[in-house]
Amino acid sequence: MTRNPAGRARVLLLALLASVGCTRDAARQQHTLIVAYGADDFPLAFNRERLGRYPLNAGICEPLVRLTREFAVAPALAARWEHLDSNAVRFQLRPRTRFSDGATVTAAAVAGTLAQLTRARVDYSSLSDSSVRVLDDSTFDILPARINRRLVEQLVHPMYGIIEPGSDPARRPVCTGPFQLVDYVAHDYLTVARNDRYRGPRPPLDTLVFRFIPDELARTVALRSGQVHAIVDVGRANATSLARQPGLTVVAAPMGAVIVLYMNLNGTGPYAQLRDTSLRRAVAMAIDRQSLVRHVLGHASSAVVSTINPPAVMGADAALVRGVAFDTAEARRRMQGRRRSLSMIAAPSSIDRATVEYVQAQLARIGIDVRFESLDAAAYESRLNTGAFDLDLELPNQNDANPAFLLALRWYSRSSVRSARYMHASPRFDALVERALAANTHAESRHAAAQAMHQLVDVEVAAVPLAGVSRIYAMSSRVRGFLPHPSRLNQDWSSVWLAP
Amino acid sequence: MTLVRWIGGRVAGAAGVWLTISLLAFSLSTLAPGDPAHLLLMRRTGDAPSEAEVQALRHRLGLDQPFATRYGQWLSRSVRGDFGTSYRTGQPVLAELAARFPATLALALSALMIGLLVALPLALAAAAHPHGTVDRGVRLLSVLGISLPGYWLAYVLMFVFALLLGALPVSGGASLRHLVLPALTLGLGSAARLTRILRASLLEETGAEYARTARAKGLSAWRVLSSHALRNAANPLVTISALRFGHLLGEAVIVETVFAWPGIGRWMVESILDRDYPAIQGFVLYIATIFVIVNVGVDLAYRWLDPRMRLGGASAA
């Protein structure tokens with residue numbers, strides 16, 4: 001230490017300045033949360049005009065209605081709504097809601113946003129350029145181009161977030177959410193800051209940074225080395241080891257997806273074996289789903305289910321679907337001692353190898369040899385759309401509140417998707433799906449959807465729900481207030497804060 | 001053979017290679033299973049598209065045209081620098097490549113530099129005492145370096161430098177610090193290969209008559225090795241380094257994905273998975289063009305470095 005008083009004073013002054021600097025840095029750090037996200041898909045042509053909304057919902061924009069953690073519809077920018085007739089819904093905006101730049105939210109902004117989505121051809125609610133009829137500044141009707149009674153349940157999707165007219169949806173969308181866009185560098189990061197004009201409780205965070213790190217192990221190292229505070233999409237095997245790390249917390253969201261074994265009901269040539277209902281039932285009976293959950297998927301993140309979407313979507317009506325009970329002896333009896341060979345494909349990147357091997361092993365026990373082919377996304381789609389498979393493992397997500405969404409998309413004979421021609425079930429199932437789509441209330445729709453699901457799963461055995469799956473997050477134990485949503489697209493970060 | 005004729009022959013050969021690659025790139029990418037129109041539409045909403053939507057998009061993208069027509073149109077546009085528009089991003093392919101290539105080039109050049117800086121002293125040390133302890137150690141290290149997969153080394157370096165030492169960022173491309181780990185990953189792998197080649201080349205040169213003469217004249221073994229043998233051993237090193245550079249562009253695919261380095265590697269992987277034909281074809285042609293130019297450049301450098309080449313193959317023998 002220096003003996004010179006002037007020198008000592010200089011040292012003290014420098015130390016004081018350094019400590020003030022550190023304190024300021026610490027304070028600033030305290031309110032900045034860094035989340036490691038997967039790959040950046042905003043530069044893709046169809047996503048470019050959905051910056052901050054889809055597929056990463058950064059909390060910049062709010063839709064008219066939102067999806068609760070129980071898969072119900074709740075008011076967001078719209079204070080209330082009512083069905084006028086079989087196809088029109090009248091919405092009333094919340095009064096005095098402002099965009100982050102201070103402009104008032106009007107019905108014209110809603111009309112502009114929905115028109116932009118239809119022009120970009122990303123809408124999936126049968127909207128058109130002229131679907132919104134503005135009545136006054138805060139009242140408007142939405143009339144889909146085709147009859148769509150499930151419109152309100154679909155509008156919870158974050159891509160329907162309302163943006164200010166004139167703001168650039170690809171570069172700087174101005175919206176009403178708890179955060180506002182600050183900076184975006186493609187494939188690197190997206191930064192949002194607290195929107196002080198937000199109509200609800202202000203987020204405790206000053207800044208929220210999403211860093212795009214496609215590799216899961218790299219995300220894990222970033223978390224463990226303190227370079228980020230939280231990571232998304234933690235693999236099941238990785239979750240167990242992260243949970244043991246001091247200073248880290250692993251959080252499983254409520255169940256948001258179900259692993260489903262699809263069957264080719266209407267295949268031809270070598271893929272016609274599963275036209276036989278008895279064989280389909282034998283396949284369903286041969287798979288011990290309890291054991292799959294316990295030994296392969298893990299307790300913390302999975303559950304045995306009977307429905308093909310998360311049971312929360314179906315509410316009490318989920319009990320209508322019982323699922324085919326595990327019974328190896330009965331499955332063997334149905335096989336009548338014959339050996340079969342079936343081909344199986346699986347959705348790449350969402351179904352892990354362990355699940356595939358488990359299904360193979362279970363079916364081998366009753367004399368079914370399953371040939372699995374590992375395909376990339378394009379080859380998989382090609383096989384699915386040409387019916388060149390017997391079994392197909394998928395993990396469909398539920399991101400809106402429409403209980404008949406998946407049923408109408410994949411098994412309904414009048415579905416516009418190509419693969420439905422190989423999976424569509426009976427006329428009775430079609431009638432129940434139509435009832436669910438046309439129901440006046442959500443409760444009626446849910447009940448009809450559950451009946452259709454019972455027909456699909458229990459009666460016709462056209463699909464086997466294997467296990468419910470949760471999305472897993474890992475974060476520093478300093479991260480507080482995180483409420484995981486079963487739908488990743490609807491994850492809200494506005495309640496999160498960092499403990500000192 | 002005159003220099004002009006020699007260069008003409010090389011350029012004509014390179015053009016032939018380039019045309020063959022263009023045909024292969026175009027046909028192989030379109031033969032792969034999977035419909036880009038369907039995949040593109042899937043990406044819009046996350047839902048499966050209808051048959052009519054798929055057919056309309058196929059028509060708009062020109063995918064319903066005969067193969068020969070599509071190849072002819074693509075080649076004609078490509079030679080004018082227009083590789084078409086990426087299905088995935090809606091941006092011109094050349095602009096996408098030009099935006100990302102500098103990052104990949106920086107990575108490949110840094111890795112090559114690291115490779116040479118590590119390989120040179122190791123090879124000299126090994127060749128100074130052939131079959132000694134140092135030589136055996138260097139050979140063991142280079143075998144290890146060649147055998148270990150790049151992604152494994154990437155994770156090891158990530159654990160050591162980001163997690164244990166906390167010295168370097170895990171991923172991203174914002175600064176030079178972000179370049180260190182991916183460049184080390186690629187560079188150490190290259191160093192192993194270059195060390196083996198340079199060591200063998202040095203040993204061959206130290207056994208040559210001119211080296212024996214130099215030693216007989218009283219030059220130290222080290223002086224002969226570092227001043228005379230190294231200069232002659234550099235010729236194969238130039239060729240190998242140029243080839244390594246091409247390989248590094250390919251190996252960068254995995255390393256860029258792991259470290260989220262904003263080069264063409266990850267972009268290429270996603271383009272392949274999405275059957276983004278213009279991007280795949282443009283990438284292959286772009287890299288092939290660079291490869292061909294580098295190889296012609298190496299031939300010229302070789303001619304300059306080795307006087308025997310200037311005199312023609314027969315007289316040199």
Side-chain angles (χ1 to χ4, degrees), chain A residues 36 39-41 43-48 54-55 120-124 157 159 185-189 211-215 217-228 348-349 375-386 388 396-397 399 405 409-410 415-421 489, chain B residues 32-36 38-54 57 85-91 96 99-100 151 154-155 158-159 161-174 178 254 256-262 266-267 269-270 272-276:
Chain A
D40 177 15
D41 282 335
L44 297 180
F46 295 131
N47 294 337
R48 189 166 296 119
Y54 178 87
R121 300 170 68 195
V122 292
D123 155 69
Y124 71 100
H157 196 289
M159 78 167 177
V185 175
H187 305 290
D188 201 351
Y189 63 86
R211 285 198 49 204
F212 299 109
I213 306 180
D215 186 76
L217 196 56
R219 286 200 296 275
T220 305
V221 175
L223 176 68
R224 290 184 57 191
S225 61
Q227 294 179 26
V228 301
S349 78
L375 306 167
D376 71 15
Y380 168 75
E381 288 299 332
S382 169
R383 293 284 295 273
L384 200 62
N385 291 324
T386 52
N397 288 291
N399 291 308
F405 155 70
L409 188 75
R410 302 302 299 273
S415 165
S416 58
V417 306
R418 266 201 270 186
S419 62
R421 72 181 73 158
L489 293 182
Chain B
D35 183 351
H38 189 272
L39 285 164
L40 275 174
L41 291 166
M42 281 278 292
R43 290 263 183 152
R44 274 188 188 169
T45 58
D47 295 342
S50 70
E51 182 73 31
E53 285 177 311
V54 173
L57 186 58
T85 303
S86 162
Y87 297 163
R88 295 172 65 243
T89 63
Q91 301 294 309
E96 296 256 17
R100 288 172 171 80
Y151 65 87
Y155 290 133
M158 200 184 273
F159 272 102
F161 288 99
L163 188 58
L164 298 180
L165 303 176
L168 291 168
V170 171
S171 69
H178 291 91
I254 295 169
E256 283 182 6
T257 304
V258 171
F259 292 105
W261 181 252
R266 185 172 168 76
W267 177 78
V269 171
E270 286 171 350
I272 291 169
L273 293 178
D274 281 352
R275 303 296 187 269
D276 187 350

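Lettering follows sequence order; numbering is per chain, from 1.
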Exercise. Who are the side chain to side chain donor-acceptor pair (under 3.5 Å) partners of A/Asp188, not counting sequence neighbours?
Worked result: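 Expected list: none.
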Exercise. What residues, two or more places apart in sequence or in another chain, satisfy side chain to side chain donor-acceptor pair (under 3.5 Å) together with A/Asn397?
Worked result: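 Result, side chain to side chain donor-acceptor pair (under 3.5 Å) vs A/Asn397: none returned.
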For this session: Check whether any side-chain heavy atom of B/Gln91 sits under 4.5 Å from a side-chain heavy atom of A/Arg48, and report yes or no.
Result: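 The answer is yes, as the side chains (C-beta and beyond) meet within the 4.5 Å cut-off.
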Exercise. Taking the side chain as C-beta and beyond, is there a heavy-atom pair between B/Ser171 and A/Asp215 under 4.5 Å?
Worked result: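 Counting from C-beta outward, B/Ser171 and A/Asp215 never come under 4.5 Å.
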With rounding to the nearest 0.5 angstrom, report the [atom1] to [atom2] distance, [X] to [Y].
{"X": "B/Leu163", "Y": "A/Thr220", "atom1": "CG", "atom2": "OG1", "answer": "10.5 Å"}
{"X": "B/Asp276", "Y": "A/Leu44", "atom1": "CG", "atom2": "CG", "answer": "9.5 Å"}
{"X": "A/Ser225", "Y": "B/Phe159", "atom1": "OG", "atom2": "CZ", "answer": "10.0 Å"}
{"X": "A/Arg224", "Y": "B/Met158", "atom1": "CZ", "atom2": "CE", "answer": "12.5 Å"}

Over all heavy atoms of both residues, which pair between [X] and [Y] is shortest? Give the atoms and the distance, please.
{"X": "A/Ala39", "Y": "B/Arg266", "value": "CB-NH2, 3.1 Å"}
{"X": "A/Gln227", "Y": "B/Leu168", "value": "NE2-O, 3.1 Å"}
{"X": "A/Ala218", "Y": "B/Val170", "value": "O-CG1, 3.3 Å"}

Problem set entry | Residue part contacting chain A, namely of B/Tyr87, when any heavy atom lies under 4.5 Å |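 Contact with chain A involves the backbone of B/Tyr87 alone.
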Problem set entry | Top of A/Gly226, A/Ala36, A/Ala222 for chain B proximity - count of heavy-atom pairs under 4.5 angstrom |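 Heavy-atom pair counts peak at A/Ala222.
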For this session: Against chain B, label A/Arg211 side chain, backbone, both or neither, depending on which of its atoms sit under 4.5 Å from a heavy atom there.
Result: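 A/Arg211 touches chain B through side-chain heavy atoms alone.
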For this session: With a 4.5 angstrom heavy-atom cut-off, could you sort out which part of A/Tyr189 is near chain B: side chain, backbone, both or neither?
Result: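 For A/Tyr189, there is no contact with chain B at all, as no heavy atom is under 4.5 Å.
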Problem set entry | Over 12 foreign heavy atoms within 6.0 Å of OH, B/Tyr155 |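 Atom OH in B/Tyr155 is crowded, with more than 12 foreign heavy atoms closer than 6.0 Å.
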Exercise. Do side-chain atoms of B/Arg88 reach the backbone of A/Ala45 as a donor and acceptor pair under 3.5 angstrom?
Worked result: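 No: the side chain of B/Arg88 does not pair with the backbone of A/Ala45.
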For this session: Go through B/Arg100 and A/His187 one step at a time and tell me if the side-chain contact (heavy atoms from CB on, under 4.5 Å) criterion holds.
Result: CA-CA 11 Å; B/Arg100 288 172 171 80; A/His187 305 290; 3.2 Å; yes
